[in-house]
Amino acid sequence: MTIVTRFAPSPTGFIHVGSQRTALYNYLFARSRGGKFILRIEDTDRNRHVEGAVENLLETLRTLDLEFDAGPGKEDGNGPYFQSERREIYQKEVDKLLEAGYAYRCFCSPERLESVRKTQREKGLPTSYDGKCREIPPAESRQRASAEAHVIRLKIPDSGVCRFHDIVRGDVKIDWSQVDDQILVKSDGYPTYHLANVVDDHHMKITHIIRGEEWLPSVPKHLFLYRAFGWDAPEMAHLPLLLNTDRSKLSKRQGDVAVEDYLSKGYLPEALNNFLALLGWNPGRKNEIYSMEELIREFDINRITRSGAVFDVKKLNWMNGQYIRKMDRSCYLEEAKKWLDDVNINREKLDTALLAVKTSLSTFRDIPEKLEVFRGGPAKPGPEAKAILEADSSKEVFQAYLGEAEALTGLDAEGFKALMKSVQASTGVKGKHLWMPVRIALTGEMHGPELGYIAEYLGKEENIRRVRKQLEQS
Ligand code: GLU
């Protein structure tokens, strides 16, 4: 059997990180099993139409490298499908349901529905449709349909239990009494999510539905539809929620939720994919850095976890930093140059400065701040740094440094390493006591970009000037 999965976003104008994870898991599962990954735009809610949303969605998926395949009927190109172009298909299918008595027309006005809900709320009951139009005889229903506004509803069983198996959640039971007579076709003639989703999953031969946990309560309606149509239902895997660090549901109030926001802040698509892949799936190994090929190789749908996964930005920052470190010199420099502001930095030595900050970046957006050290003189050392500068061993280091540096013709990052080695040999000072005073003398700071590149950027004369000044002051 060919595995077919799908990503079925509603184009809201941005991609939620939870949706990126859904897309990614569908992609990984399909690719790991030699199957197909289909993109279907669920755009039947005309009130929520957002200009440019589809273009943005396609662009973001391209950036994330989640390439989708052609589905049935789309063999000449690779889609995507748009539900808004498939209304005839839904209409035909829903007619069959009306015919067979699995669905019925409902002529209740919005005012009546509101008053039913109000009474239910007052009695502390869950709000649901009261079934008034269920028993309208088919002939009368057909006759009224041409003249009266109506919706089409699913005739859900009154009692009993809906049981199903979910790959992540195991055996699930939901009482039919908790399930409302779902609207399948709205009064504007557009299908709701539930109808279009089930019809499309069947027509597109989807074998596995992988989506967020918030859709779990909808499963009974969908299974009822599959049964009514006489179709086999795909297998299902409902993914755990993404959580804030306080374990509440991931929300805008506590940070960014749009993939586009992360990309525009200088996170790398590869790092985002890697980070999200591990939020809800446990590869069973300690390693945390996975390329897309490795993710495809390792992904196992049976290892998706049940409990919510914390979206920890600190971890994402760390991971993104790892990806930046791994970039080769030319890719890194090309990308880094997109993130410069108009600060006065010696353009001839820009590459050196950018290479210096490479290992201290979490995201590319940190670049201007990290380059600060190259602008103007060293910062004023704080009390802790001052104490280090005044240590006897630091003075010894400075003296040896000056002696060695003066004998050089120039100073680059490699030369600096060699210089420090000889300073260590002649003074016997090593580790933190060797490196820290030099860092503080050159930059005024205790932490920062790679020292070798800083020394190279400053050049021999400026190195000597800064270290000498420090020696004179201490
Ligand atoms: N259009 C739904 C969404 O936006 C798709 C849910 C599903 O995968 O069935 O999340």
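When a ligand or atom number is given, it counts from 1 through the structure's own listing order. As a basis for the values below, the full set of heavy atoms in this structure was taken, side chains included, without hydrogen atoms, waters or symmetry mates.
- Protein residues are said to neighbour a ligand when one of their heavy atoms lies under 4.0 Å from it; for ligand 1 these are R6, A8, S10, E42, Y193, N197, R211, W215.
- Among residues at least two apart or in separate chains, ring pair (Phe, Tyr, Trp, His ring centres under 6.0 Å) pairs with a member in residues 265-287 are Y262-Y267, F275-F311, W281-F299.
- By the neighbour-count criterion of 12 heavy atoms within 6.0 Å, atom CD of Q143 is sparsely surrounded, having that number or fewer from other residues, nucleotides or ligands.
- For the atom pair CD1 of I41 and CG of L57, the computed distance is 5.0 Å after rounding to the nearest 0.5 Å.
- Sorted by first then second residue, the ring pair (Phe, Tyr, Trp, His ring centres under 6.0 Å) pairs that include residues 130-173, not counting sequence neighbours, are F107-H150.
- Across D200, N197, D43, a single residue satisfies side chain to side chain donor-acceptor pair (under 3.5 Å) together with Q83, and that is D200.
- Here salt bridge (charged side-chain N to carboxylate O under 4.0 Å, His left out) pairs that include residues 87-102, with residues two or more places apart or in two chains, are E93-K96.
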